[in-house]
Structure formats: structure tokens, C-alpha cells
Amino acid sequence: MSAGADGGGGGGAGTEARSRGASPGADDFVPSALGTREHWDAVYERELQTFQECGDTGEIWFGEESMNRLIRWMQKHKIPLDASVLDIGTGNGVFLVELAKLGFSNITGIDYSPSAIQLSGSIIEKEGLSNIKLKVEDFLNLSTKLTGFHICIDKGTFDAISLNPDNALEKRKQYVKSLSRVLKVKGFFLITSCNWTKEELLNEFSEGFQLFEELPTPKFSFGGRSGNSVAALVFQKT
């Protein structure tokens with residue numbers, strides 16, 4: 001749902017849209033078109049046309065390293081290749097392609113943009129892969145069939161939801177409810193965010209989830225202060 005450079009200046013769903021200084025979890029994002037379905041429909045319609053014309057798959061969300069970071073975590077913890085994996089806001093589906101190439105056989109990508117699902121389907125077909133399931137699905141208004149996943153992945157979708165001009169606070173709460181519904185007890189939720197700090201994400205997902213691990217991300221220094229431009233956390237459903 002969002003693209004950007006991991007640790008660089010590209011940003012994700014809206015690095016410029018945050019007004020800092022409020023308490024963790026406060027509703028202090030400036031609403032943005034980046035939080036609307038219309039924006040992402042237009043983005044993926046363009047990317048689909050580009051792929052059809054020249055075979056360019058588009059950007060990897062937060063950069064290739066962000067994808068590799070999640071894959072390394074899954075390999076480190078010996079996640080079974082038949083574990084059910086859900087990519088929330090799959091976009092061009094490139095992350096799913098990499099998982100399939102590694103042998104993961106029960107993977108699903110959802111996106112509320114039909115153009116995104118058409119794009120990811122075209123890329124998957126070009127790669128000759130057949131063990132990836134794709135669905136046009138709004139994570140905030142799920143069908144009853146999506147449930148029982150061992151792993152859920154989010155790279156930028158929660159960020160974009162946080163920028164929605166129409167009651168983003170309620171949409172964030174609904175996101176957490178949907179996540180609790182689709183993820184198995186003791187299942188893992190891997191989130192990468194450029195808008196939320198570790199402490200704020202801990203607050204947002206405090207009900208029903210506990211921090212399992214913080215993944216290392218690139219650091220930056222500016223004006224004598226240093227920090228991380230991207231937060232990457234692994235939660236476990238309690």
C-alpha cells in the first residue's frame with residue numbers, strides 16, 4: 001500500500017505528515033491523500049500499465065533490505081515452509097514472490113485495490129509461480145474466510161491507514177480488531193513503519209499482543225541527535 005526507501009529520504013506512507021511531541025498513540029497525524037483508497041488505486045493503475053508496457057514491477061516497500069530483514073527473521077526462527085502467511089496490503093506482491101521462491105507454500109496477499117491485485121497476479125504469473133493466493137480485500141472490513149494465519153506481515157499499510165482523512169483513530173482500532181481475528185493465538189505479526197516509533201506501536205497494539213522482538217533498522221544522525229527512521233517490530237498474539 002505504500003512505498004519508500006528503508007532508512008533513506010524516500011519515506012513511506014507519510015513521513016512528513018506527523019506532528020511529533022504528543023503522547024504515544026495520540027491522534028496527531030495530518031490527514032493525507034496517502035491514506036485513501038483513491039490514491040492507491042491510481043498508484044497501482046499506473047504501475048500496472050508500466051508493468052504491461054515494460055515489465056517493471058515497481059518499488060519494493062521500504063526498500064529491498066526491509067524485505068530481507070523479515071525473511072531473515074523467518075529463517076532464524078525456523079518458520080515452517082507450510083506456515084500460513086498473510087501479507088496485509090500486498091501491493092505488487094514482490095514479497096510473496098520471494099517467499100514462494102524460498103519454498104513457502106501457504107501464502108496469501110490481500111489489498112483493497114483491484115489494480116494492485118491484478119498487478120501482483122501478473123508478476124506472479126510471469127515468475128511462473130502458482131502457490132500464491134491473492135484476494136481483493138479491505139482489511140478493515142474482512143470477509144469471514146480470512147482467519148487462522150500463523151504469520152501476518154505489514155509494510156506500510158498501518159501507516160497509510162493512520163493518514164486516512166475519515167476518522168483515522170477508529171480505523172486504527174478496527175485494524176487491531178481485524179488483526180486479532182485473522183491471526184492465530186501465539187501467531188506472529190511483523191510490522192514495518194516509518195510513521196510510528198517503537199513505543200507508539202507498543203501502545204497501538206497493547207491489547208491482545210505482546211512484543212516478541214525488535215528488528216534492527218538503519219540509524220540516522222541529524223543535528224547532534226540520532227535515531228531510527230524506520231521501526232520494525234515482531235508482535236505475538238496472546
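Any value given below was found using the heavy atoms of this structure, including those in side chains, with hydrogens, waters and symmetry copies removed. The structure displayed is predicted, hence computed values, not measured ones.
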side-chain contact (heavy atoms from CB on, under 4.5 Å) partner of Phe235, chosen from Phe189, Phe212, Phe188: Phe189

Among Leu99, Asn106, Thr108, the one residue meeting side-chain contact (heavy atoms from CB on, under 4.5 Å) with Val85: Leu99

Taking every non-hydrogen atom, the tightest pair across [X] and [Y]:
| X | Y | answer |
| --- | --- | --- |
| Ser120 | Gly91 | CB-O, 3.6 Å |
| Pro114 | Val136 | CA-CG2, 4.0 Å |
| Leu129 | Ala100 | CD1-CB, 3.9 Å |

CA sep, side-chain torsions, deciding dist, call: Lys145, Lys135, side-chain contact (heavy atoms from CB on, under 4.5 Å): CA-CA 11 Å; Lys145 296 179 181 179; Lys135 298 177 184 291; 5.5 Å; no

Contacts of Glu137 that satisfy side chain to side chain donor-acceptor pair (under 3.5 Å) - sequence neighbours left out: Ser143

Contacts of Lys198 that satisfy side chain to side chain donor-acceptor pair (under 3.5 Å) - sequence neighbours left out: Glu214

Crowded around [X] [atom1]? As in, over 12 foreign heavy atoms under 6.0 Å?
| X | atom1 | result |
| --- | --- | --- |
| Lys184 | NZ | no |
| Glu125 | CD | no |
| Lys133 | NZ | yes |

ring-ring contact (aromatic ring centres under 6.0 Å, His included) contacts touching residues 129-157 (sequence neighbours left out): Phe139-Tyr175

Stepwise side-chain contact (heavy atoms from CB on, under 4.5 Å) test for Phe104 and Asn131: CA-CA 8 Å; Phe104 285 89; Asn131 58 341; over 6 Å; no

Exam field: side chain [X] to backbone [Y], donor-acceptor pair closer than 3.5 Å:
| X | Y | answer |
| --- | --- | --- |
| Asp87 | Ile110 | no |
| Thr147 | Val182 | no |
| Ser122 | Gln118 | yes |
| Arg172 | Ile161 | no |
| Lys171 | Ser162 | no |

Measuring from atom [atom1] of [X] to atom [atom2] of [Y], what distance do you get when rounded to the nearest 0.5 angstrom?
| X | Y | atom1 | atom2 | value |
| --- | --- | --- | --- | --- |
| Leu233 | Phe209 | CG | CZ | 13.0 Å |
| Leu190 | Ile151 | CG | CD1 | 6.0 Å |
| Asp111 | Thr157 | CG | OG1 | 7.0 Å |
| Leu146 | Ser84 | CG | OG | 11.0 Å |
| Ile71 | Phe95 | CD1 | CZ | 5.5 Å |
| Asn195 | Leu163 | CG | CG | 5.5 Å |

Between [X] and [Y], is any pair of side-chain heavy atoms under 4.5 Å apart?
| X | Y | result |
| --- | --- | --- |
| Lys186 | Lys237 | no |
| Ile88 | Ile153 | no |
| Thr217 | Thr192 | no |
| Phe205 | Trp196 | no |
| Leu179 | Cys152 | yes |

Could you list the donor-acceptor pairs under 3.5 angstrom formed between side-chain atoms of residues 73-81 and any protein atom two or more places apart in sequence or on another chain?
| unit_1 | atom_1 | unit_2 | atom_2 | d |
| --- | --- | --- | --- | --- |
| Trp73 | NE1 | His77 | NE2 | 3.0 |
| Trp73 | NE1 | Glu213 | OE1 | 2.9 |
| Lys76 | NZ | Glu213 | OE2 | 3.1 |
| His77 | NE2 | Glu213 | OE1 | 2.9 |

Asn92/Ile123 under side-chain contact (heavy atoms from CB on, under 4.5 Å): CA gap, chis, key distance, verdict: CA-CA 7 Å; Asn92 59 14; Ile123 293 170; 3.9 Å; yes

With Glu170 via salt bridge (Lys or Arg N to Asp or Glu O under 4.0 Å) - residues at least two apart: Lys173

Results of salt bridge (Lys or Arg N to Asp or Glu O under 4.0 Å) for Arg181 - residues two or more places apart only: none

side-chain contact (heavy atoms from CB on, under 4.5 Å) assessment of Leu86 paired with Leu183: CA-CA 9 Å; Leu86 178 65; Leu183 192 62; over 6 Å; no

Any side-chain donor near an acceptor of the partner, Asp159 and Ser193, under 3.5 Å: yes

